[in-house]
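All heavy atoms count here, side chains included; hydrogens, waters and symmetry mates do not.
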Amino acid sequence: PKNSRSQKNAFIMIRTGLHRALRSSHLLIPSRTMAVGSIDKIIIANRGEIACRVMDTCRKLGVKTVAVYSEADANSRHVQEADEAYCVGPAEAKDSYLRAEKVLEVANATGAKALHPGYGFLSENASFADACNSAGVTFMGPPSSAIEAMGSKSNSKEIMIAAGVPCTPGYHGDDQEPEKLKAHADDVGYPVLIKAVMGGGGKGMRLVHKPEDFLESLESCKRESINSFGDDKVLLERYLTAPRHVEVQIFGDTHGNAVHLHERDCSVQRRHQKVLEEAPAPGLDQTLRERMGEAAVKAAKAVNYVGAGTVEFLMEAGTDDFFFCEMNTRLQVEHPVTELVTGVDLVEWQLRIAAGEPLPILDQDQIKTKGHAIEARIYAENPARNFLPATGHLFHLSPPTGEGVRVDTGVRQGDDVSVFYDPMISKLICYDENREKAIDKLLASLKEYEVVGMPTNIPFVEKCAAHEAFRKGGVTTGFLEIYADDVQIPEGVEASDTAKGLAALALAIEGIKSTNGFVDNGFRLHGRAQRILNFKSNDDTTSQINVWSNRDGSYDIEVSPDKVFTNVKGSYDVANRTITAVIDNKAFKASAVISNDGNDRVVSLWSQEAGKFFEDKEYYAAMTVEGDIVGASVGSGAAGAVLSPMPGKIVSVNYAVGDVVKAGDVVMILEAMKMEHPLIAPGDGVIGSLGGGEGDLIQDGQQLFVVEAEEVAA
């Protein structure tokens with residue numbers, strides 16, 4: 001049955017959130033509900049939230065959309081919302097979304113006049129841009145010459161220096177011999193950053209603190225670069241010890257005009273992947289903002305830029321010094337914060353520029369900002385387990401709603417998050433009249449965000465946004481290292497007694513059989529029916545919780561021998577997944593979602609009342625109760641066995657059966673969710689067996705190798 005609270009609200013919010021949020025800020029250019037110039041239909045060469053985001057603006061302007069999709073995405077949201085949709089291949093991106101010829105075949109067959117590349121996939125592929133234009137399909141991005149110039153980090157630095165844009169000291173040459181690169185690194189000085197020339201999105205990048213670590217880091221960087229970009233050339237840069245990441249949104253048109261739409265601060269990063277993005281950047285004076293904007297426009301004009309782009313700068317904290325980092329020749333993931341503070345629909349500008357129109361605003365002084373916006377990326381990943389990417393079924397999904405709250409997403413309740421693509425669930429963007437209020441709105445929205453089916457980074461993002469240093473503003477890219485202990489998410493936090501009581505009450509009312517069933521002991525228990533629930537603890541032991549129903553409709557709940565809640569009054573609305581209860585004379589109202597995990601039942605609770613917690617600021621809790629099927633197999637490995645922590649692909653096997661290894665040696669490297677994950681030997685010994693080879697796709701929990709003690713192996 002349709003969930004009236006989560007599904008309906010999420011649908012309304014997702015479809016209208018963009019324009020409602022824009023109205024809550026300010027809109028510079030009234031949108032015209034009509035086809036844009038000669039463009040009445042476009043094809044979107046992407047998937048997920050960015051494809052849905054582009055469709056939102058096209059729908060507003062009356063432009064028809066064509067989606068492409070892989071076999072794994074056949075039932076995805078972007079396929080359902082497009083006017084037309086066509087399959088372009090199997091699940092893996094290289095066989096579908098990266099098949100340029102297949103995408104263009106669909107474009108020509110459907111009569112699409114222009115192509116929006118989104119970000120990732122083919123968005124910064126110069127050859128693809130040329131192929132589009134040659135096929136009579138306007139590429140909604142810069143000319144291939146600009147993509148090529150900015151796609152090479154070494155070449156882009158030379159262009160920027162010539163244009164008078166400040167650049168970071170480093171080595172950008174063609175000498176790629178490992179020992180010679182190390183010599184250049186020694187000259188630049190440590191710490192030094194190794195960056196793939198064709199890299200982006202945090203991939204193909206290694207920070208080296210000591211000379212003796214350089215060659216190993218270089219090898220890893222080159223391997224990741226060749227796998228991700230088909231090129232292993234690198235450059236070296238001096239690593240700024242306290243940098244801020246501040247970027248500027250730019251736009252150019254085919255008439256030679258270029259403007260900027262002010263800056264964003266993206267300094268809160270993990271492994272070079274942005275966690276929080278905001279606009280405007282806090283703590284910059286007007287003179288510095290203008291200097292950075294002018295430098296970004298110089299960069300755009302230096303390559304005759306057309307369309308949306310972002311010029312990234314690194315700023316040394318506490319100074320007014322900033323250096324060109326790179327230029328992203330596409331729409332950025334974090335573009336919504338710029339839209340909310342400027343009131344400009346950036347996708348509409350892309351469409352109008354692709355149609356040959358001049359920039360909607362040519363006078364830089366007319367582009368102003370108002371208020372403050374912050375974006376948080378919501379991922380399916382486990383922050384308590386070193387942010388391992390997660391996959392699974394979105395059993396329950398209820399995003400936050402409200403004025404100034406926007407959620408850009410490509411998934412719905414009931415969808416799956418698969419191993420084949422980025423595990424992003426959504427982008428949560430909050431806007432208000434000032435930064436302090438925007439942060440408060442973000443924190444409140446994170447508490448309202450309900451996801452059941454897989455772990456998410458929501459608790460981690462909340463800790464980052466609530467941190468005193470972030471609230472103060474001006475944090476550096478080292479924020480997560482400096483405050484690692486403060487934002488760490490412990491594994492398996494035990495739920496409070498109150499939360500356990502609410503969960504037990506929900507299960508009792510729902511009437512699902514527990515491990516020992518629902519036992520009616522008649523008058524032996526004073527006419528009360530008893531329910532026995534075995535709650536799993538973090539160490540996989542169980543604790544028994546007893547629930548008795550009383551004649552007056554109340555319940556007694558024994559959480560432990562020392563904690564018994566008596567005369568608990570409550571009700572559980574199964575359809576709306578809401579529980580209300582009075583426990584210890586305190587009233588509670590919470591979302592209560594009961595889901596399956598194999599043979600077990602999982603109860604997830606969220607407090608629905610702002611500022612009201614179960615206990616000690618606990619607004620969310622999840623508890624597992626043993627199911628009534630016993631003897632189920634449990635995945636396990638032999639002593640010394642290493643199991644895959646997630647689904648993925650083996651990209652490197654460094655040892656063979658019989659080889660001697662030491663504890664900590666990297667035996668295999670697993671690639672999952674576009675990142676490399678080293679798998680190390682758990683102890684000294686010899687490789688007893690291997691569960692896969694290079695290129696093999698493996699499953700979560702699959703045994704990959706066994707390290708045996710040498711005497712056992714002998």
* Asked: Hey, what do you get for CG (Asp56) to CZ (Arg53), rounding to the nearest 0.5 Å?
  -> 6.0 Å
* Asked: When you look at Ile374 and Val337, which way does the side-chain contact (heavy atoms from CB on, under 4.5 Å) test go after all the steps?
  -> CA-CA 6 Å; Ile374 304 178; Val337 294; 5.6 Å; no
* Structure fact -> Smallest heavy-atom separation, Leu428 atom then Pro400 atom, equals CD1-CG, 3.8 Å
* Asked: Do Phe128 and Ser123 come within less than 4.5 Å of each other through their side chains, counting heavy atoms only?
  -> no
* Nearest-0.5 Å distance, CD of residue Glu491 to CG of residue Asn382 -> 6.5 Å
* With Val208, which of Leu193, Ile194, Leu218 fulfils side-chain contact (heavy atoms from CB on, under 4.5 Å)? -> Ile194
* Asked: If you round to the nearest 0.5 Å, how far is CZ of Arg264 from CD of Gln332?
  -> 6.0 Å
* **Pair Arg577 + Glu450: basic N to acidic O under 4.0 Å** => no
* Asked: Of the non-hydrogen atoms in Glu694 and Val653, which two are nearest, and what is the gap between them?
  -> OE2-N, 3.5 Å
* Residues Thr65, Val54; criterion side-chain contact (heavy atoms from CB on, under 4.5 Å); working and verdict -> CA-CA 9 Å; Thr65 55; Val54 173; 5.7 Å; no
* To do: Kindly assign one of parallel, tilted or perpendicular to the pair Tyr97 and His78, based on the angle between their ring planes and the thresholds 30° and 60°.
  => tilted
* Structure fact -> Between the NE2 atom in His393 and the CE atom in Met454, the distance rounded to the nearest 0.5 Å is 8.5 Å
* To do: Taking the side chain as every heavy atom from C-beta outward, state whether Val667 and Val642 have any pair of such atoms under 4.5 Å apart.
  => no
* Identify whether the distance between the nearest side-chain nitrogen and carboxylate oxygen of Arg270 and Glu381 falls below 4.0 Å. => yes
* Asked: Under 4.0 Å between a Lys/Arg side-chain N and an Asp/Glu carboxylate O for Lys662 and Asp665?
  -> no
* Asked: Between the side chains of Arg47 and Ser76, does any donor sit under 3.5 Å from an acceptor?
  -> no
* Would you call Val407 and Ile378 a side-chain contact if the rule is heavy atoms closer than 4.5 Å? -> no
* If only atom types and distance count, is the side chain of Lys222 paired as donor or acceptor with the main-chain N or O of Asp232 below 3.5 Å? -> yes
* Asked: Between Gln702 and Ser644, does any side-chain donor sit less than 3.5 Å from a side-chain acceptor?
  -> no
* Sub-4.5 Å side-chain heavy-atom contact between Val347 and Leu331 -> yes
* To do: Could you check if a side-chain atom of Leu181 sits within less than 4.5 angstrom of a side-chain atom of Phe214, using non-hydrogen atoms only?
  => yes
* Backbone of Ala656 reached by a side-chain donor or acceptor of Asp659 within 3.5 Å -> yes
* Asked: Is there a donor-acceptor pair closer than 3.5 Å between any side-chain N or O of Ser604 and the backbone N or O of Ala622?
  -> no
* Any donor and acceptor pair, going by atom type alone, linking the side chain of Ser267 with main-chain N or O of His245 inside 3.5 Å? -> yes
* **Flag, side chain of Asn125 to backbone of Ser127, donor-acceptor distance under 3.5 Å** => yes
* Answer yes if the side chains of Asp416 and Ser418 hold a donor-acceptor pair under 3.5 Å, and no otherwise. => no
* Donor-acceptor side-chain pairing of Glu247 and Thr310 below 3.5 angstrom -> no
* Mark yes or no for whether Ser225, through its side chain, and Cys221, through its backbone, hold a donor-acceptor pair below 3.5 Å. => no
* Sidechain N-carboxylate O distance under 4.0 Å for Glu312, Lys274 -> yes
* To do: Kindly check if the number of other-residue, nucleotide or ligand heavy atoms within 6.0 Å of CD (Glu177) is above 12?
  => no
* Provide the closest heavy-atom pair for Arg77 versus Gly410 in the form atom of the first, atom of the second, distance. => CB-O, 3.3 Å
* Asked: Can you name the nearest heavy-atom pair linking Arg330 to Gly120, along with the distance?
  -> CD-N, 4.2 Å
* Is there side-chain contact between Glu92 and Phe420, with at least one heavy-atom pair below 4.5 Å? -> yes
* Taking the side chain as every heavy atom from C-beta outward, state whether Asp600 and Val625 have any pair of such atoms under 4.5 Å apart. => no
* Out of curiosity, Glu105 CD to Ile43 CD1, how far, rounded to the nearest 0.5 Å? -> 10.0 Å
* Parallel, tilted or perpendicular: which fits the ring planes of His396 and Trp606, with parallel below 30° and perpendicular above 60°? -> tilted
* What distance separates Gln273 CD from Met205 CE, expressed to the nearest 0.5 Å? -> 9.5 Å
* To do: Take Val706 and Ile687 through the side-chain contact (heavy atoms from CB on, under 4.5 Å) test and state the conclusion after the steps.
  => CA-CA 6 Å; Val706 176; Ile687 301 296; over 6 Å; no
* Any donor-acceptor pair under 3.5 Å linking the side chain of Glu224 with the backbone of Gly204? -> yes
* So with a 6.0 Å cut-off around CD of Gln80, is the heavy-atom count from everything else above 12? -> yes
* With distance as the sole criterion, is a donor-acceptor pair present between the side chains of Thr456 and Tyr449 under 3.5 Å? -> no
* Less than 6.0 Å separating the ring centroids of Tyr655 and Phe705? -> no
* Asked: Do NZ/NE/NH1/NH2 and the carboxylate oxygens of Glu334 and Arg377 come within less than 4.0 Å?
  -> yes
* Which is it for Arg271 and Gln269 under the side-chain hydrogen bond (donor to acceptor under 3.5 Å, both in side chains) test, yes or no, and what are the steps along the way? -> CA-CA 6 Å; Arg271 298 176 184 169; Gln269 302 180 8; over 6 Å; no
* May I ask you to test the Cys132-Leu104 pair for a side-chain heavy-atom distance under 4.5 Å? => yes
* Determine the minimum heavy-atom distance between Ile50 and Gly118, stating which atoms define it. => CG1-CA, 3.8 Å
* **Closest approach of Glu277 to Cys266 (non-hydrogen atoms, all atoms of both residues)** => CG-SG, 3.6 Å
* **Short side-chain to backbone donor-acceptor contact, Lys427 and Val333, under 3.5 Å** => yes
* May I ask you to check whether Phe470 and Tyr483 place their ring centres under 6.0 Å from each other? => no
* Between Lys102 (side chain) and Ser96 (backbone), is there a donor-acceptor pair under 3.5 Å? -> no
* Might you confirm whether atom CD of Glu212 has over 12 heavy atoms from other residues, nucleotides or ligands at distances under 6.0 Å? => yes
* Would you check if the side chain of Asn457 reaches a backbone N or O of Tyr379 as a donor-acceptor pair within less than 3.5 Å? => yes
* What do the steps show when you test Asn654 against Met668 for side-chain contact (heavy atoms from CB on, under 4.5 Å), and what is the final call? -> CA-CA 6 Å; Asn654 300 328; Met668 285 185 180; over 6 Å; no
